[in-house]
Each structure stands twice: as C-alpha cells, then as structure tokens.
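Written out below as structure tokens is the structure these notes cover.
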Amino acid sequence: MGDGDERSSLDENRLTAARLAKVDRLRDAGVEPYPYRFERTAFAADLHDRHGDLGSGATTDEQVVVAGRLMGMRDMGSLVFGVLLDPSGRIQLFADESVLEGGFAAFSDLDVGDWIGVAGEVMTTRRGELSIRVEGFTLLAKGLRPLPEKWHGLKDIEQRHRQRYVDLVVNERARRTAAKRIATIESLRRSLSDRGFVEVETPTLHTLPTGGHALPFETHHDALGIDMYLRIALELHLKRLVVGGMERVFEIGRVFRNEGVSTIHNPEFTMLEVYQGLADYTDMIVLTEALVIEAATAVHGGTEIEFKGKDLSLAAPWDRLDFFGSVAEATGTDWTPDMDLETARSSATAAGVSIEQGWGVGKLAAEAFETLVEPTLWNPTFVLNHPKEISPLAREHRSRPGVVERFEVIVAGTELANAFSELNDPVEQRRRFEAQVAARSAGDVEAHPMDEDYLRALEYGLPPTGGMGMGVDRLVMLLTGEESVREVILFPHLRPEASDL
RNA sequence: GGGCCGGUAGCUCAACCAGGCAGAGCAGCGGGCUUUUAACCCGAAGGUUGUGGGUUCGAUUCCCACCCGGCCCA
C-alpha cells in the first residue's frame with residue numbers, strides 16, 4: 001500500500017485530518033514531530049514515592065525530565081494542567097505561561113494522546129497535587145488518532161482485543177493484567193531455576209503431532225518437500241533431553257491446537273512443561289503445588305483469591321481424589337479399569353453422559369469424569385491414577401493394574417495441570433503407540449502417532465522421570481480474576497476485519 | 001454447528017418495543033478564564049445508523065440474508 005492510500009484513509013476522519021494539519025504546521029515552524037531519541041531522568045511512580053508527603057504549594061528544587069503519553073489537558077487560560085502517563089504511572093504537569101513564555105502556546109496546542117518529554121521542577125499545586133512545573137518540553141511523537149473517552153475508556157471488547165495498543169493506553173486493568181502475566185511467568189522461571197531446572201527451547205515445527213491428544217495445524221516445508229505440524233505439546237522433545245542427561249529441564253512455550261475458540265481456549269496458548277529425572281509423579285505433586293503457590297504469592301500476595309465472584313484457596317495441601325473413585329461416587333456404580341464394558345456404558349448413559357460406539361472403559365470413565373466430576377471441583381484438586389487407555393505416555397501404576405501413575409490438577413472446574421510418572425520402557429511404549437495407531441485407524445483422529453525416533457531415544461535409556469505440564473494462561477486467569485482467556489493473552493485470535501480480507 | 005444478545009459521531013451511550021427531521025456527554029474546532037482533578041462557561045460543527053436486499057408514501061426502527069463480536073450449548 002502506498003503513502004497516498006495511507007494518507008487518504010486517515011483524511012477520511014476529520015479529527016485525524018486536523019492533527020495531520022498540525023504536523024504540517026509544526027514542521028513549518030521547525031519542530032520535528034517525530035524526533036529520534038530522548039533522555040528521561042525520572043519516572044512518575046518514583047516521584048510519588050519520594051515526594052508523596054509534600055504539602056500544598058511546595059517546591060523541591062529538584063529538576064527532572066519525565067516522558068510519556070499526554071492523557072489529559074485542563075486549560076485554564078494562562079495555566080494548563082496536563083496528565084502524563086509513563087510506564088510507572090501518572091504525574092501532573094503544571095504549565096504556567098509566565099514560566100514557559102514563548103513555549104506556552106505550543107504546549108497548549110498539544111493533544112491528548114501525544115508522546116512528550118517534559119523538563120522542570122518537582123512541586124505541588126495549591127491543592128497539593130504533585131506536579132512537574134513545565135519549564136521545557138519536547139514533542140516525542142504526534143498522535144494522529146484521538147484516544148477513547150477519558151472517563152469511560154474503551155469498552156468495546158472486540159476493539160479492545162483487536163487494538164490492544166489502545167486498550168493498554170486507556171484501561172489500567174489491561175496494563176495490570178499484562179503485568180501480572182509477566183510476573184507469573186517470571187515466578188515460574190525463578191521457582192524452577194531455584195530447584196536446579198534449566199530452561200530449554202525445542203522445535204515448534206514438528207514432523208509428527210506428538211505429546212498430546214489434539215488436532216494440529218498443518219503446514220508445509222517447501223525446500224524439504226514435507227508436511228509439518230505446529231506442535232501440540234512439548235513433551236517428547238523434553239524427554240529426549242532427559243535421555244541425553246539433562247535431568248531437570250523445562251520449557252515455557254507456545255503450543256497450537258486446531259480447535260474452537262472459547263473463554264478458555266485460544267488456538268495458540270502457553271504451556272509450561274517440566275521433566276525431572278530420578279523422580280516420579282509424587283515429586284510432581286510437590287513441585288506443582290509449590291509452583292502455583294509461589295506464583296500466587298509473587299503476583300497476588302497470597303493464596304486466597306476470588307474467582308467468578310467466589311472465594312478460592314490455592315493453599316496447600318490440595319485435595320486428592322482418585323479418578324475411578326470419583327466417577328464411582330458421581331454415578332453410584334463401582335467403576336474399575338477391569339469392569340464389564342456394558343456396565344460402564346449403561347452407568348455413564350444413566351448419569352447423562354453422552355457416549356460413542358467403540359469407546360472402552362477408560363474413555364467412558366474419562367468422559368464421565370469430565371461431565372460429572374470436573375465441573376464440581378473448585379479449590380485445586382489432584383485427581384489421581386487415570387485409565388491406561390487414555391494415557392499412552394504415562395507409566396502403569398506400580399500396584400494397580402489398568403491405571404497409570406498420573407494426575408490432573410482441576411481448579412475452578414477446569415484442568416490446570418497434568419503430570420505422570422513417565423513411561424520409560426521402550427517395549428511397552430511401542431505397544432502403547434501401536435494401540436494408539438489402531439485407535440487412529442478406527443476413527444480417533446487425535447490418537448497419538450507412532451514416533452520411531454522417540455522410541456529409539458527410549459531405547460538408549462530414559463531414567464525414571466516425573467513430568468508435568470501446566471496451562472500458563474489458565475494460571476494467569478486465576479491470579480488476575482479474568483474469566484476469559486482472551487483477557488490474559490495480549491493479542492487473542494479473532495476473525496480478520498473486513499479491511500484485512 | 002445451534003440458540004440468545006449486541007453493532008448508531010473518534011469514544012461512552014440515547015432514540016428502536018409501538019416506523020414520521022438521529023440526540024447527549026466526552027474528545028475535536030472557535031472564544032473566555034492564573035491552581036485544575038471527568039475543571040468550568042459561551043458558540044459553531046461533526047452521521048453510508050455493520051453490509052446487502054425487501055416491505056412501506058416514509059426504515060436506525062419491521063422482515064430476510066450475510067459480516068463482526070459477546071454469552072450459553074454442542
């Protein structure tokens with residue numbers, strides 16, 4: 001698109017046209033509306049911290065240079081009050097014509113939304129508001145589009161998500177949520193690093209969609225002439241690293257699932273996966289609790305939160321629930337891995353679970369769990385010992401046939417984390433993959449594919465290993481109180497705007 | 001994929017139910033004001049009512065299709 005097109009699309013709006021005219025006038029007057037750099041000496045929040053106790057009408061003799069976006073202007077004639085927003089917060093600007101003299105008219109001509117730098121003395125007004133007396137100022141970038149309404153802000157959810165840059169400027173909650181997400185991820189990294197885990201990066205482009213039960217995005221590598229998939233999980237590459245001797249590894253990375261969009265699903269989302277050699281799923285229980293509690297403490301200041309208007313406690317110890325036991329409780333039938341298939345089918349159906357032909361006891365139990373049990377769990381709960389049939393990468397329970405050493409953490413009715421004692425017997429792993437391939441042939445398009453290289457890695461020897469995956473976006477939702485995953489992802493996926501097509 | 005709700009000025013919202021000149025606040029523009037805090041006062045502007053069709057003398061309003069979003073369900 002050429003410059004002429006850009007210009008004409010902006011000219012359609014009389015408000016931006018007026019500001020473009022200002023840009024021309026500034027250049028005519030020798031003022032560059034888009035300078036290259038600027039030197040700041042102070043942030044708003046630091047000034048409030050250091051001078052918050054000043055009385056009204058005070059001066060400090062402290063000269064500072066602040067910079068940020070002009071968020072408000074109150075023009076009194078020969079006095080103008082401005083509001084500057086920088087990354088730390090807000091500070092008032094006090095512009096007095098008798099101080100600024102020749103520059104005063106230009107200051108008055110600034111628009112809300114402009115980026116500016118201001119030099120002057122820290123002082124307070126007669127009303128006691130901490131301010132910078134404007135002794136000089138520099139336009140850092142002229143804003144051409146008007147900001148949303150100063151009081152109501154930007155409410156339209158679609159526009160807030162499509163134009164997150166505007167949302168972040170005018171809605172403090174958007175900034176706070178973004179900051180809490182960053183703090184959550186920092187906390188996870190710190191907690192893991194403190195325990196001797198190292199962060200690694202594994203491929204996003206996979207030749208097989210492994211490590212999970214989900215539809216992948218498909219793509220094509222032209223030079224190699226092969227189809228590829230965006231990863232649906234991090235699991236198998238991380239376990240290959242444990243084979244290689246990197247005993248404690250983790251990755252915080254984007255995974256992609258070709259599924260619908262909802263308040264808890266975005267097609268790409270952020271997963272934490274952790275693998276610890278010489279450990280099993282009981283070690284993952286301890287680690288998972290610690291990671292969440294440490295993040296809650298770092299981000300929220302404690303483990304007691306409010307979610308969807310209800311109290312929720314993340315404090316340890318979390319409840320524990322046996323997978324089959326919970327389904328038995330919910331249906332009134334004695335569910336076990338070796339139960340009669342028809343009994344399982346009739347029990348599930350009687351409880352209102354919708355089932356399909358060809359499902360085994362494990363799949364039926366899983367569906368019953370999701371329908372009947374999961375939505376009822378509020379405080380974090382470890383659900384333990386899943387059916388072997390639906391857990392092709394988990395190790396069989398050391399004393400209970402038909403189930404695996406696995407847990408999921410359910411919080412507020414949804415899955416937050418998933419962990420197992422990792423299956424490290426290559427012969428058994430091959431049998432599990434073969435069962436998955438058979439399920440795929442029978443119509444389960446999400447069944448796990450055969451991964452010969454992964455089997456080869458296991459054949460070199462994976463030590464006893466505990467592994468855990470956690471949905472980072474879900475954790476951030478809990479710690480921010482946001483009920484839609486789109487609020488904790490800066491740029492959630494939406495259908496393209498008409499102008500993009 | 002289905003149901004319900006929404007889309008009106010740059011932003012936040014009226015008017016729609018029951019068809020009759022599309023309004024307000026903020027922002028912007030012009031003027032006034034030396035301590036404002038959503039500043040205030042005066043004035044003049046600003047609209048393809050999501051898109052396309054239909055009904056009607058007349059459609060933001062009623063009907064149909066589509067687009068985008070939200071919530072719920074699958």
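Every chain is numbered from 1 and lettered A, B, ... according to where its sequence line falls, protein lines coming before strand lines. Bear in mind that the values here come from a model prediction, so they are computed numbers and not experimental data.
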Indicate the atoms forming the closest heavy-atom contact of A:V361 with A:T336, along with that distance.
CG1-O, 3.6 Å
Any ion pair linking A:R173 and A:D167 (charged N to carboxylate O, less than 4.0 Å)?
no
Checking side chain to side chain donor-acceptor pair (under 3.5 Å) for the pair A:T177/A:E482: CA distance, chi angles, key distance, verdict?
CA-CA 8 Å; A:T177 298; A:E482 294 291 354; 3.3 Å; yes
With a cut-off of less than 4.0 Å, is there a side-chain N or O of A:Q159 near OP1 or OP2 of B:C11?
yes
Charged N-O contact under 4.0 Å between A:R133 and A:D96:
no
Between B:C4 and B:C11, how far apart are the C1' atoms? Round to whole Å, please.
27 Å
Rounded to the nearest Å, what distance is computed from the CZ atom of residue A:R486 to the P atom of nucleotide B:C71?
5 Å
Taking the inter-plane angle between the rings of A:F323 and A:H386 on a 0 to 90° scale, is it parallel (under 30°), tilted (30 to 60°) or perpendicular (over 60°)?
tilted
Base paired to B:A38 (Watson-Crick or G-U; both N/O distances under 3.5 angstrom)
none
Evaluate side chain to side chain donor-acceptor pair (under 3.5 Å) for A:R406 paired with A:N418, printing each intermediate quantity in order.
CA-CA 7 Å; A:R406 174 180 177 183; A:N418 181 29; 2.9 Å; yes
A:R495 side chain near B:G69 phosphate (N/O to OP1/OP2, under 4.0 Å)
yes
What does A:G72 touch in the nucleic acid at a heavy-atom separation under 4.0 angstrom: a base, only the sugar-phosphate, or nothing?
nothing
Distance between the P atoms of B:U60 and B:G3, in whole angstroms?
27 Å
Please give, in whole Å, the distance from B:U35 C1' to A:L130 CG?
15 Å
What's the OH-C1' distance between A:Y165 and B:G10, to the nearest Å?
13 Å
Euclidean distance for C1', B:C42 against B:C62 (whole angstrom):
43 Å
Whole-Å distance, A:L20 CG to B:G10 C1', equals 14 Å
Nearest of B:U34, B:U12, B:G69 to any side-chain atom of A:S78?
B:U34
Report the residue (A:S131 or A:I157) whose heavy-atom-nearest nucleotide on RNA chain B is the more 5′ of the two.
A:S131
Compare the minimum distances between each of B:U35, B:C29, B:U37 and the side chain of A:K22, then state the nucleotide with the smallest one.
B:C29
Judged by nearest nucleotide, the residue sitting upstream toward the 5' end of RNA chain B, A:E158 or A:D109, is A:D109
Determine the interatomic distance between C1' on B:U56 and the same-named atom on B:C63; round to the nearest Å.
12 Å
What interatomic distance, in whole Å, is found between P of B:C5 and the corresponding atom of B:A65?
14 Å
Checking N1-N3 plus N6-O4 or O6-N4 for Watson-Crick, or N1-O2 and O6-N3 for wobble, each under 3.5 Å, the partner of B:G69 is B:C5
Provide the Watson-Crick or G-U wobble partner of B:G58, both distances under 3.5 Å; none if there is no partner.
none
Is there a side-chain polar atom (N or O) of A:T125 under 4.0 Å from OP1 or OP2 of B:U35?
no
Does the distance from a Lys or Arg side-chain N to an Asp or Glu carboxylate O, for A:R474 and A:E415, drop under 4.0 Å?
no
To the nearest Å, give me how far apart CZ (A:R145) and P (B:G28) are.
17 Å
Of the nucleotides B:G28, B:U34, B:G70, which one has an atom closest to the side chain of A:D111?
B:G28
Say you pick atom C1' in B:A44 and the same atom in B:A27; how far apart are they, in whole Å?
16 Å
Between B:C68, B:U35, B:U34, which nucleotide has the shortest distance from any of its atoms to the side chain of A:R126?
B:U35
Taking only nitrogen or oxygen atoms into account, show me every contact under 3.5 Å that the protein makes with nucleotides 24-27 of chain B, one pair per line with its distance.
{"unit_1": "B:C26", "atom_1": "O3'", "unit_2": "A:K150", "atom_2": "NZ", "d": "3.2"}
{"unit_1": "B:A27", "atom_1": "OP1", "unit_2": "A:K150", "atom_2": "NZ", "d": "2.8"}

A:G212 to A:A233 - nearest heavy-atom pair and separation:
N-CB, 4.2 Å
What residues form a ring-ring contact (aromatic ring centres under 6.0 Å, His included) with A:W378, not counting sequence neighbours?
none
Have a look at A:D75 and say if it touches a base, only the backbone sugar-phosphate, or nothing, with a 4.0 Å heavy-atom cut-off.
base
Between B:A59 and B:C21, how far apart are the P atoms? Round to whole Å, please.
12 Å
Students often get this wrong, so: under 4.0 angstrom with heavy atoms, is A:T263 touching a base, only sugar-phosphate, or nothing?
sugar-phosphate
Between A:F94 and A:F81, is the ring centroid distance below 6.0 Å?
yes
Should B:G46 form a Watson-Crick or G-U wobble pair with both distances under 3.5 Å, which nucleotide is its partner?
none
Rounded to the Å, how far apart are A:R90 CZ and B:A38 P?
11 Å
Above 12 or not: heavy atoms from other molecules or residues under 6.0 Å from CD of A:E329?
no
Whole-Å gap separating P (B:G69) and CG (A:L154):
16 Å
When you look at CZ of A:R495, are more than 12 heavy atoms from neighbouring residues, nucleotides or ligands closer to it than 6.0 Å?
no
Taking B:C11, B:C13, B:U37 as options, the one with an atom nearest any side-chain atom of A:K155 is B:C13
Taking the same atom, P, in B:C16 and in B:C29, what whole-Å distance lies between them?
34 Å
In whole Å, I'd like the distance from the CZ atom of A:R162 to the P atom of B:G50.
16 Å
Residues from residues 471-481 of chain A sitting under 4.0 Å of RNA chain B, heavy atoms only?
none
